[in-house]
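None of these values were measured; they are calculated from a predicted model. Whatever order the structure lists them in is the order used to number ligands and atoms, beginning at 1.
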Amino acid sequence: MYNTKAYGVASASSPLASTTIARRDPTEHDVQIEILFCGICHTDIHTARNEWSALFPTVYPCVPGHEIVGRVTKVGSAVTKFKPGNVAAVGCLVDSDRTCPECHAGLEQFCPNMILTYNSPDKHLGGVTYGGYSGSIVVDERFVLRVPANLNLAGAAPLLCAGITTYSPMRHWGVSKDKKVGVVGLGGLGHMAVKFAHALGAHVVVFTTSPHKKDDALRLGADEVVVSRNADEMRKHASSFDFILDAVSADHDINAFILLLRRDGNLTLVGAPANPLPVAAMALLFARRSLSGSLIGGIAETQEMLDFCGAHNITSDVEIIPIQKVNEAYERMLKSDVKYRFSIDLASLKSE
Ligand SMILES: NC(=O)c1ccc[n+]([C@@H]2O[C@H](COP(=O)([O-])OP(=O)(O)OC[C@H]3O[C@@H](n4cnc5c(N)ncnc54)[C@H](OP(=O)(O)O)[C@@H]3O)[C@@H](O)[C@H]2O)c1
Ligand SMILES: [Zn+2]
Ligand SMILES: [Zn+2]
């Protein structure tokens, strides 16, 4: 066991503050990684503030962060895929039981015994797992990803959650050329969704509550931008979408978007607002529309996504910040004021 510097929260109402956490010494299958960059996901905020307390209560202290890119510093004797000096990445998952049907299908994110990167039981040290707002992490090599060499590391970090969470449902629902695809909410997830839908050849429409994001949306790959609070603009797109990805973090009216789906169209929720969202049955009944959800992606698909990003030169648009600005970053995200992901430069942790 060794200690590493970190930033964490002591309770649902505390700010993030400097702390020290323990990490296990690498076992034979483990990779030890010095963390270089960690993206800030809205899930970090929901968890730090215990906003999902009913289904997924937060255990304190909590060290968030699951968009991790770093450099390998040590490997266990049985590790074959990594050696010291390699760039390596870790997303939302650090373990699973490896034996259930979901694991066999490469869908570790649905394993009943999956271990999330933070706020899951830590079978090695007891307590809970701690995430990427820290100096280093130790992870079984099966859950460590490779980053294509051409990608900027600060911009690659958010691919590990925002990237896979938007890529996976688009592949599942067949987003491709000639499909009309909507993306609701131009935040961290939303801006990655726009890049992927565009790269997959779809006609992409962004729905935003922030009119000033229009030019950015077009630059990111959107073909059209709709201000979702404008009912006339919304009506023009009635019954026309094959697929809509909803990446909104707060309460909003999903029926307005369901009505924009064509026959057999699908709206997938990836955003996870704290409160239930009311659904109008009639909006689904007519035109046999469907509503579904999607959770990150499995390890093999995460590597596929990273390789896709390497081939298409896709990274997240990031604002790099020192860890000392993380509380300010949370407040800005809550005001939709981020272009389009904060990426923490963990070198800043050394001065703590
Ligand atoms: N399913 C999964 O596996 C998974 C993975 C990661 C994250 N998530 C969840 O996905 C959600 C988004 O995460 P994120 O990191 O992308 O968050 P984010 O960067 O904060 O973006 C959220 C966006 O939602 C829109 N929005 C915010 N408040 C709104 C409101 N009241 N009404 C309508 N739109 C609003 C804003 O876009 P505009 O300014 O364009 O309107 C905002 O930029 C969070 O709930 C997060 O927990 C789920
Ligand atoms: Zn996330
Ligand atoms: Zn399993």
Original post:
Which residue holds the protein heavy atom closest to atom 45 (O) of ligand 1, what is that atom called, and what is the gap in Å?
Top reply: His46 NE2, 2.8 Å

Original post:
Can Asn50 and Ser53 be counted as having a side-chain donor-acceptor contact under 3.5 angstrom?
Top reply: no

**OP:** Starting from atom 33 (C) of ligand 1, locate the nearest protein heavy atom and write down its residue, its atom name and how far away it is, to 0.1 Å.
**Re:** Thr209 CG2, 3.5 Å

Subject >> Charged N-O contact under 4.0 Å between Glu319 and Lys325 >> reply: no

Subject >> Distance from atom 15 (O) of ligand 1 to nearest protein heavy atom, with residue and atom >> reply: Arg341 NH1, 2.6 Å

Original post:
Looking from the Zn ion (ligand 3), what is the angle between OD1 on Asp97 and SG on Cys100, to the nearest 10°?
Top reply: 120°

Subject >> Exam field: side chain Lys5 to backbone Ser18, donor-acceptor pair closer than 3.5 Å >> reply: no

Original post:
For atom 5 (C) of ligand 1, which protein heavy atom lies nearest, and how many Å away is it?
Top reply: Thr165 OG1, 3.3 Å

Original post:
Where is the nearest protein heavy atom to atom 31 (N) of ligand 1: which residue, which atom, and how far?
Top reply: Ala250 CB, 3.5 Å

Original post:
Does ligand 1 have an atom under 4.0 Å from some heavy atom of Ala162?
Top reply: no

Subject >> Basic-acidic side-chain contact under 4.0 Å: Asp264, Arg288 >> reply: yes

Subject >> Test item, Trp52 contacting ligand 1 (heavy atom, 4.0 angstrom) >> reply: yes

**OP:** Confirm or rule out an N/O/S atom of Cys161, from backbone or side chain, lying less than 2.8 Å from the Zn ion (ligand 2).
**Re:** yes

Original post:
Does the distance from a Lys or Arg side-chain N to an Asp or Glu carboxylate O, for Arg142 and Glu108, drop under 4.0 Å?
Top reply: no

**OP:** Would you please say whether a donor-acceptor pair under 3.5 Å links the side chains of Tyr130 and Thr4?
**Re:** no

**OP:** Could you tell me whether ligand 1 has any atom less than 4.0 Å away from a heavy atom of Val206?
**Re:** no

**OP:** Number the atoms of ligand 1 from 1 as they appear, then name those within less than 4.0 Å of a heavy atom of Thr208, with their elements.
**Re:** 38 (P), 39 (O), 40 (O), 41 (O)

Original post:
Applying the side chain to side chain donor-acceptor pair (under 3.5 Å) test to Asp30, which of Arg23, Lys74, Arg24 qualifies?
Top reply: Arg24

Subject >> Enumerated ligand 1 atoms positioned under 4.0 Å from heavy atoms of Cys161 >> reply: 5 (C), 6 (C)

Original post:
Which residue owns the protein heavy atom closest to atom 9 (C) of ligand 1, what's the atom, and how far is it?
Top reply: Val270 O, 3.6 Å

Original post:
Relative to atom 43 (O) of ligand 1, which among Lys339, Lys213, His252, Met192 owns the nearest non-hydrogen atom?
Top reply: Lys213

**OP:** Among all protein heavy atoms, pick out the one at the shortest distance from atom 35 (C) of ligand 1; state its residue, atom name and that distance to 0.1 Å.
**Re:** Val248 CG1, 3.4 Å

Original post:
Would you say Cys41 has an N, O or S atom lying under 2.8 Å from the Zn ion (ligand 2)?
Top reply: yes

Original post:
Among protein heavy atoms, which sits nearest to atom 22 (C) of ligand 1, and what does the distance come to when rounded to 0.1 Å?
Top reply: Ser249 OG, 3.6 Å

